[in-house]
Amino acid sequence: MTAHPAHPADRPAAPRPGETPEAAHDAGVPGPGIEAPLFTAHLEESLDLALRELAGRGRILVGLDFDGVLAPIVLDPRTSRMLPVSAEAVAGLAELPGVDVVLVSGREASDLVALAGLPAGSRVIGSHGAQWGRVVDSPDGGTTLEAEPVGLTEEQARLRAELLRETEALAAEVEGAWVQAKPAAVVLHTRPAEREPGERLTRRVLDGPAAREGVRVVVGKEVVEMAVLEVTKGDALHQLRGALGVDAVLYAGDDTTDEDAFAVLGEGDVSIKVGDGESGAAYRVTDPEEFSAVLVRLLELRQEAQDSHL
Ligand SMILES: O=P(O)(O)OC[C@H]1O[C@H](O[C@H]2O[C@H](CO)[C@@H](O)[C@H](O)[C@H]2O)[C@H](O)[C@@H](O)[C@@H]1O
């Protein structure tokens with residue numbers, strides 16, 4: 001597998017001209033404590049170099065989208081699971097000194113924590129930036145989420161209730177389509193529906209409830225998110241990096257909402273688009289499997305950088 005630079009013009013997912021196996025680094029080599037991935041990925045040299053530079057910085061923030069990045073896309077979001085290699089690499093990174101890990105997702109923070117099994121100390125930003133939380137040790141020996149509830153004004157709560165009612169009424173007409181209620185948003189899911197009825201339904205929802213004043217609309221992968229709060233993953237990531245005072249950030253995402261996060265990154269940061277589609281990210285990998293090799297490589301490089309400072 002090969003990682004490719006992403007570009008606003010959406011470069012095709014083909015091997016780099018002239019790339020040789022010698023030029024590529026074996027990113028499938030596991031770091032200490034990580035079992036060998038079932039595949040060997042060759043990260044593009046420029047991505048490998050960027051990861052090496054990032055790993056050598058003082059304090060770093062690793063920001064990760066969940067669906068389509070850590071967990072492959074599936075029909076039913078309740079059955080999503082992180083790839084085991086990614087889960088181990090994320091846990092390993094979270095335990096290293098000077099590394100902050102944050103999951104940044106459209107999902108609810110509690111949902112993320114339940115699905116991701118993150119170690120204590122990890123952070124979560126759910127609902128596209130509306131919910132901030134932290135995984136902490138719980139008295140029973142496990143972990144739990146510590147998070148502020150999402151606060152809506154009366155007007156926002158009313159709008160959310162109306163969006164839910166209207167969207168559910170429209171979705172009921174299309175087999176397979178369903179509606180997810182989130183603390184600050186309503187989401188239409190069309191992945192399980194037939195393609196044409198699903199697309200017609202998406203248009204009806206965009207022209208109907210989504211067009212209401214005060215609704216922030218994001219069209220993602222077979223989803224239409226209608227939020228009643230003005231938040232973005234980019235604002236949240238920017239705010240968190242400032243609060244932590246980190247020296248550099250890695251952010252990886254696969255969907256439209258992740259573009260806001262890529263946009264707030266700068267020199268010395270690393271942005272990675274996972275999968276197809278236009279992107280402002282600097283690098284691209286093909287899928288969550290290939291991205292797991294990026295995480296393993298970052299873990300390995302950070303451990304190396306740490307050892308060399310001993
Ligand atoms: O920001 P993300 O972590 O990427 O979350 C965005 C949405 O992800 C989920 O939906 C997506 O993944 C589902 C499971 O693979 C898939 O069935 C759906 O079609 C995808 O759009 C989640 O269900 C949404 O709530 C998130 O907003």
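Remember, it's a predicted structure, so these values are computed and weren't measured experimentally. Counting convention: from 1, in listed order, for ligands and their atoms alike.
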>> Does only the side chain of S80 get under 4.0 Å from ligand 1, or the backbone, or both, or neither? Count heavy atoms.
In response: side chain
>> Going by the closest heavy atom to atom 1 (O) of ligand 1, which one wins out of H128, E108, R107, K233?
In response: K233
> Quick one: CZ on R107 to OG on S127, what's the gap to the nearest 0.5 Å?
Replying inline: 11.0 Å
> How long is the span from the CG atom in L206 to the CE atom in M226, to the nearest 0.5 Å?
Replying inline: 8.0 Å
>> For atom 24 (C) of ligand 1, tell me which residue out of K221, R78, E222, Q180 has the closest non-hydrogen atom.
In response: Q180
>> Give me the residue, atom name and distance of the protein heavy atom closest to atom 9 (C) of ligand 1.
In response: D67 OD2, 3.3 Å
> Given that the side chain starts at C-beta and the backbone is N, CA, C, O, which of these parts of V223 lies under 4.0 Å from ligand 1, counting heavy atoms, or is it both or neither?
Replying inline: side chain
> Taking atom CG of D254 and atom CD1 of I73, what is their separation to the nearest 0.5 Å?
Replying inline: 5.5 Å
> How close does the nearest protein non-hydrogen atom get to atom 27 (O) of ligand 1, and which residue and atom is it?
Replying inline: E225 OE2, 2.2 Å
>> Suppose I only count heavy atoms of H189 and a 4.0 Å limit; which atoms of ligand 1 are within that range?
In response: 10 (O), 23 (O)
>> If we ignore hydrogens and angles and just use 3.5 Å, is the side chain of T143 paired with the main-chain N or O of V135 as donor and acceptor?
In response: no
>> Using a 3.5 Å distance criterion without hydrogens, assess whether the side chain of S80 forms a donor-acceptor pair with backbone atoms of P77.
In response: yes
> What atoms of ligand 1 come within less than 4.0 Å of a heavy atom belonging to K182?
Replying inline: 24 (C), 25 (O), 26 (C), 27 (O)
> Under 30°, 30 to 60°, or over 60°: which ring-plane class applies to F262 and Y251, parallel, tilted or perpendicular?
Replying inline: perpendicular
> Heavy-atom distance to atom 16 (C) of ligand 1: which of L103, D254, T190, V74 wins?
Replying inline: V74
> Any nitrogen or oxygen of S105, main chain or side chain, under 3.5 Å from a nitrogen or oxygen of ligand 1?
Replying inline: yes
> For R241, which of D269, D247, D100, D235 qualifies under salt bridge (charged side-chain N to carboxylate O under 4.0 Å, His left out)?
Replying inline: D269
>> Using a 4.0 Å heavy-atom cut-off, which part of L75 comes near ligand 1: side chain, backbone, both, or neither?
In response: backbone
> Between E290 and T286, is there a donor-acceptor pair closer than 3.5 Å when you use the side chain of the first and the backbone of the second?
Replying inline: yes
> Please state which protein non-hydrogen atom is closest to atom 4 (O) of ligand 1 and give its distance, to 0.1 Å?
Replying inline: D65 OD1, 2.8 Å
> Who's the nearest protein heavy-atom neighbour of atom 19 (O) of ligand 1, and how far?
Replying inline: R191 NE, 2.6 Å
> Any sub-3.5 Å donor-acceptor pair from D76's side-chain atoms to R78's backbone N or O?
Replying inline: yes
> Which atoms from ligand 1 have a heavy atom of G106 less than 4.0 Å away?
Replying inline: 1 (O), 2 (P), 3 (O), 5 (O), 27 (O)
